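Below is one structure, written out as structure tokens; comments come after it.
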Amino acid sequence: MSQPTARRSFIALSSAAALAAIGGCSILGREDESDTPRGKTSQVAVATDSSRMIVVYFSVPETDKTTGLTEEEENSVIVVDGQALGNTQYVAQLIAQDTRAQTARIETVEAYPLDHQQLIDKARKEQDDKARPQIQQLPDMSSYDTIFLGYPIWWSDIPMPLYTFLEQTDLKGKTIIPFSTHGGSGLSGTPEAIAGAASGATVSDHALSISRDQMDGAPQAVTSWLSELGL
Ligand SMILES: Cc1cc2nc3c(=O)[nH]c(=O)nc-3n(C[C@H](O)[C@H](O)[C@H](O)COP(=O)(O)O)c2cc1C
């Protein structure tokens, strides 16, 4: 895959500014209020058989345009080989390329709006309602031992369709390795949230987290992270 052609045109935001930028209001207080069950992550040894690995990801690129993107669209999209990819989608592709693992995208039955404000509002309501949006069928996870699980941070948490996936899939005995992109808040405790929702799975404590402002460095970040994992 060649290097992205679109570059972030704005400097890295502080956490508070990034959070304000996603929805016009601060959500810093929400982490303390969260009653999402948080589990324990662990150091994991990763088996190297790529046929037993899969990269499962969720990503919502806010446009399919490749030029003339607004700042909001550019926050969520990276243009690679003339294609508009979501930030997390791009990282998923890099991991798959390096590991030769399969990929599968978590897609909801009801598509998310591309309009930024509508997307923000819908995601917020889903979180407030503890919704479990219906998702489309994914490949049978029994064929895999290791799941790289990718997602954007949404309101300091994993997007609710991730909970649907984690709760409705038999993940007993699997190793889950989280990776994420974000607008300033880092992982926000999401590996622990995954561990709390993925019954019987072991969740790696060595998650990858990439800021949307640093997507240009994603290929190098992915390669060194995989090598730290022994891959
Ligand atoms: C609904 C919504 C909520 C978000 N909440 C946060 C947040 O709490 N913290 C943060 O750092 N970024 C937040 N972001 C920014 C995304 O995590 C970031 O842009 C990410 O790279 C998008 O990935 P994607 O293009 O793969 O969907 C949010 C974005 C959206 C659309």
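All heavy atoms count here, side chains included; hydrogens, waters and symmetry mates do not. These numbers were taken from a predicted model, which means no experiment stands behind them. In listed order, ligands and their atoms are each counted from 1.
Ligand 1 has an N or O atom lying under 3.5 Å from an N or O atom of Gly183, backbone or side chain. Checked by distance only, ligand 1 and His116 stay at 3.5 Å or farther apart across all their nitrogen or oxygen atoms. An N or O contact shorter than 3.5 Å is missing between Gln89 and ligand 1 by distance. Between Gly184 and ligand 1, at least one N/O pair is under 3.5 Å apart. In terms of N/O distances under 3.5 Å, ligand 1 is not approached by Glu62.
The contact set between ligand 1 and Ser156, taken as ligand atoms under 4.0 Å from a residue heavy atom, comprises 7 (C), 8 (O). Near Pro152, meaning under 4.0 Å from one of its heavy atoms, ligand 1 places the atoms 17 (O), 20 (C), 22 (C), 23 (O), 27 (O). For ligand 1 and Ser76, the ligand atoms under 4.0 Å from any heavy atom of the residue are 25 (O).
Only the backbone of Asn75 comes within 4.0 Å of ligand 1, judged by heavy-atom distances. Residue contacts with ligand 1, taken as heavy atom pairs separated by less than 4.0 Å, involve Arg212 solely via side-chain atoms from C-beta onward. For Ala123, every heavy-atom contact with ligand 1 shorter than 4.0 Å involves the side chain, none the backbone.
Between Lys122 and Glu110 a salt bridge is recorded (basic side-chain N to carboxylate O distance below 4.0 Å).
Nearest-heavy-atom check against atom 29 (C) of ligand 1 across Tyr112, Trp154, Phe58, Trp155 picks out Trp154. Of the candidates Val91, Ile210, Leu187, Ile153, it is Ile153 that places a heavy atom closest to atom 6 (C) of ligand 1.
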